[in-house]
Amino acid sequence: MIEYVDNNQYDRKIADMSLAAEGRKSIDAAMQNLPQLNDLLKKYEGQSPLSNVKVVGSLGVDASSAVLVEVLDALGAKVRWCSSAVDSTDNAVPAAL
C-alpha cells in the first residue's frame, strides 16, 4: 500500500479524500488499458524485483500515471511522486492513490 509521508513543507495533502472511490474506479479502468503493466504484475506476482530501486516521478497524477505508481510499488520500488501540472491533476485519482 502506498503511504503518504509528510517530510517537508512542500508536501501536500489530499484536499478531498471522499473522492477516493471515484478515483479507484478511474485507476481500475486505466489498468485495463495498460496490458503491458498487467503482464508485469502477473509475471512477477509474489516477487519484488524492484526492491532496491527508488523511483521519483513528476507527472500529472491522472489514472494512467497512478497505475504506473501502483505497479512500481507492487514490484517493490520505493516511489515518490509529485504533480508537475496542478491543472491536469484529477483530485479523485490522487485521493485513491
Side-chain angles (χ1 to χ4, degrees):
M1 184 167 120
I2 299 168
E3 180 180 337
Y4 172 78
V5 179
D6 189 355
N7 286 336
N8 61 53
Q9 65 185 359
Y10 300 108
D11 283 338
R12 301 289 185 246
K13 294 184 179 174
I14 303 302
D16 189 354
M17 286 301 294
S18 70
L19 298 173
E22 177 187 337
R24 173 52 42 201
K25 289 177 186 176
S26 297
I27 293 170
D28 291 344
M31 178 62 97
Q32 301 308 312
N33 295 319
L34 299 166
Q36 299 86 350
L37 294 179
N38 275 317
D39 291 345
L40 281 174
L41 286 175
K42 289 176 188 171
K43 181 176 181 177
Y44 294 106
E45 186 175 2
Q47 302 176 46
S48 294
L50 301 179
S51 62
N52 295 319
V53 175
K54 292 181 180 180
V55 178
V56 177
S58 178
L59 288 172
V61 182
D62 61 8
S64 295
S65 61
V67 169
L68 176 60
V69 169
E70 288 188 342
V71 168
L72 290 168
D73 179 66
L75 296 176
K78 297 287 184 190
V79 181
R80 181 151 175 101
W81 209 263
C82 69
S83 175
S84 60
V86 175
D87 294 336
S88 70
T89 300
D90 181 349
N91 288 327
V93 171
L97 188 58

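Residue numbers run from 1 in the order of the sequence given. Worth knowing before you read on, the calculation uses all heavy atoms, side chains too, and leaves out hydrogens, waters and symmetry mates.
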Pair listing, salt bridge (Lys or Arg N to Asp or Glu O under 4.0 Å) test, anchored in residues 51-60, at least two apart: none
Testing the basics here: between A20 and A96, what is the closest heavy-atom pair and its distance to 0.1 Å? O-CB, 3.3 Å
Give the table of side-chain donor-acceptor pairs shorter than 3.5 Å for residues 28-44, with sequence neighbours excluded, one pair per line with atom names and distance.
from: D28; atom 1: OD1; to: R24; atom 2: NH1; distance (Å): 3.2
from: N33; atom 1: ND2; to: A29; atom 2: O; distance (Å): 3.4
from: N38; atom 1: ND2; to: M31; atom 2: O; distance (Å): 2.8

Suppose we screen for side chain to side chain donor-acceptor pair (under 3.5 Å). Which residues come up paired with S18, at least two apart in sequence or across chains? D16
In this structure, NZ of K78 is separated from CG of L72 (nearest 0.5 Å) by 13.0 Å
Can you list the residues that meet the side chain to side chain donor-acceptor pair (under 3.5 Å) rule with S65, with sequence neighbours excluded? D62
Would a 4.5 Å heavy-atom cut-off, applied to side chains only, mark W81 and L68 as touching? yes
Search all heavy atoms of V69 against all heavy atoms of L97 and return the closest pair with its distance. CG1-CD1, 4.0 Å
On a heavy-atom basis, which atom in L19 and which in A95 lie closest, and how many Å separate them? C-CB, 4.2 Å
